[in-house]
**Student:** 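I'd like to ask some things about the structure below.
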Amino acid sequence: MTEEYQCWQCGQALKGLILPLSRREECGECGADQHVCKMCVHFDGRYCTEQRAEPPNDKEKANFCDYFAPKANAYSGGYVDKSAAAKAKLAALFGDEPAAPADKANESAQHKAKTRRVSGRKVT
């Protein structure tokens with residue numbers, strides 16, 4: 001019986017995996033590394049339960065752990081952008097409205113305007 005693995009980040013079925021899982025294995029859908037703590041049977045959601053392993057600081061980046069064993073049910077729901085979540089919490093804390101996601105063209109224009117203000121030059 002073969003287990004069907006899912007990406008820990010997006011939940012996409014990972015087809016054609018060759019075990020043992022390579023450190024460079026990525027999800028074809030979202031590009032997330034798969035040889036990560038969050039994809040391992042020894043990871044309890046916060047810590048590594050394998051006592052001999054030396055857990056890395058970043059649980060979402062590929063690592064060289066010798067005790068890694070892929071977990072079939074690693075996907076636990078929608079992935080949340082940590083940066084956006086933190087900004088939303090800060091906005092709520094200070095009573096501000098969270099910033100709406102801007103498109104790249106608008107971001108570039110805002111960055112240029114901010115650069116002009118900082119440099120003190122008047123550009124027409």
Side-chain angles (χ1 to χ4, degrees):
M1 179 174 162
T2 61
E3 294 186 70
E4 189 168 313
Y5 297 101
Q6 294 178 313
C7 174
W8 65 270
Q9 182 169 302
C10 71
Q12 178 72 24
L14 300 172
K15 302 204 185 283
L17 285 181
I18 299 172
L19 297 177
L21 200 60
S22 167
R23 180 188 178 278
R24 293 185 215 126
E25 191 70 47
E26 293 180 345
C27 173
E29 184 71 21
C30 69
D33 293 328
Q34 296 303 304
H35 195 288
V36 298
C37 294
K38 289 190 171 187
M39 181 76 177
C40 184
V41 296
H42 301 295
F43 187 68
D44 69 359
R46 189 166 179 181
Y47 299 107
C48 179
T49 58
E50 174 54 58
Q51 295 178 359
R52 297 171 292 177
E54 185 176 327
N57 290 333
D58 193 343
K59 310 297 187 218
E60 298 178 357
K61 297 287 183 192
N63 59 56
F64 291 100
C65 183
D66 291 330
Y67 302 101
F68 176 81
K71 179 170 37 174
N73 58 349
Y75 181 67
S76 60
Y79 180 74
V80 177
D81 180 15
K82 292 179 185 176
S83 175
K87 288 176 184 176
K89 285 181 182 179
L90 271 173
L93 179 66
F94 291 107
D96 297 335
E97 288 188 30
D103 61 356
K104 295 292 180 188
N106 192 16
E107 276 183 30
S108 178
Q110 288 175 349
H111 181 346
K112 287 179 184 176
K114 189 184 294 183
T115 305
R116 284 187 210 130
R117 285 193 299 265
V118 170
S119 66
R121 295 182 297 169
K122 185 175 181 180
V123 178
T124 55

**Student:** For residues Leu14 and Gln34, report the shortest heavy-atom separation together with the two atoms involved.
**Tutor:**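 Looking at all heavy atoms of both residues, the closest pair is CD1-OE1, 3.3 Å.
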
**Student:** List the steps and the verdict of side-chain contact (heavy atoms from CB on, under 4.5 Å) for Leu17 and Glu25.
**Tutor:** CA-CA 8 Å; Leu17 285 181; Glu25 191 70 47; 3.6 Å; yes

**Student:** Where do Met39 and Tyr5 come nearest, in terms of heavy atoms and distance?
**Tutor:**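 Nearest pair, atom of Met39 first, then Tyr5: CE-CB, 4.0 Å.
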
**Student:** Which atoms form the tightest heavy-atom contact between Cys30 and Cys27, and what is the distance?
**Tutor:**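 Reported closest heavy-atom pair: N-SG, 3.5 Å.
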
**Student:** Would you give the length of the straight line joining atom CG of Asn63 to atom NE2 of His35, rounded to the nearest 0.5 angstrom?
**Tutor:**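 Between Asn63 CG and His35 NE2, I get 6.0 Å after rounding to 0.5 Å.
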
**Student:** Quick check for you: to the nearest 0.5 Å, what is the distance between His42 atom NE2 and Cys65 atom SG?
**Tutor:**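 One gets 7.5 Å once the value is rounded to the nearest 0.5 Å.
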
**Student:** Please name all residues satisfying ring pair (Phe, Tyr, Trp, His ring centres under 6.0 Å) with Phe43, sequence neighbours left out, ordered by chain then number.
**Tutor:**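 None.
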
**Student:** Checking Asn57 now: which residues fulfil side chain to side chain contact (heavy atoms under 4.5 Å, CB included) with it, not counting sequence neighbours?
**Tutor:**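 Testing Asn57 for side chain to side chain contact (heavy atoms under 4.5 Å, CB included), a comparison that skips the adjacent residues, returns none.
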
**Student:** Who pairs with Asp58 by side chain to side chain contact (heavy atoms under 4.5 Å, CB included), at least two apart in sequence or on another chain?
**Tutor:**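 Once residues adjacent in sequence are excluded, the partners of Asp58 under the side chain to side chain contact (heavy atoms under 4.5 Å, CB included) criterion are Glu60, Lys61.
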
**Student:** When clusters are formed from ILVMFWY side-chain contacts under 4.5 Å, directly or step by step, what else is grouped with Leu93?
**Tutor:**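 For the cluster that includes Leu93, the remaining residues are Leu90, Phe94.
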
**Student:** If you look at every heavy atom in Trp8 and Asp33, which pair is closest and at what distance?
**Tutor:**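 In terms of heavy atoms, the two residues are closest at NE1-O, 2.7 Å.
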
**Student:** What distance do Glu26 atom CD and Cys7 atom SG have between them, rounded to the nearest 0.5 Å?
**Tutor:**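 Rounded to the nearest 0.5 Å, the CD-SG separation comes to 10.0 Å.
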
**Student:** So which heavy atom on Phe68 is nearest to which on Val36, and how close?
**Tutor:**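 Distance-wise, the nearest heavy atoms are CE1-O, 3.3 Å.
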
**Student:** Quick one: closest heavy-atom pair of Val41 and Pro70, and the distance?
**Tutor:**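 Scanning both residues, the minimum pair turns out to be CG1-O, 3.5 Å.
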
**Student:** Using the test side chain to side chain contact (heavy atoms under 4.5 Å, CB included), find all partners of Ile18 that sit at least two apart in sequence or belong to another chain.
**Tutor:**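 Result, side chain to side chain contact (heavy atoms under 4.5 Å, CB included) vs Ile18: none returned.
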
**Student:** Report yes if the side chains of Pro56 and Cys37 come closer than 4.5 Å at any heavy-atom pair, otherwise no.
**Tutor:**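 Answer yes - side chains close enough.
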
**Student:** CD of Glu4 to CD of Gln6: how many Å apart, nearest 0.5 Å?
**Tutor:**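 One finds 7.0 Å between CD of Glu4 and CD of Gln6.
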
**Student:** Test of understanding: with side chain to side chain contact (heavy atoms under 4.5 Å, CB included), list the residues that count as partners of Arg52, not counting sequence neighbours.
**Tutor:**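 Testing Arg52 for side chain to side chain contact (heavy atoms under 4.5 Å, CB included), a comparison that skips the adjacent residues, returns Glu50, Tyr67.
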
**Student:** To the nearest 0.5 Å, how far apart are OH in Tyr75 and SG in Cys10?
**Tutor:**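 Separation between the atoms: 7.5 Å.
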
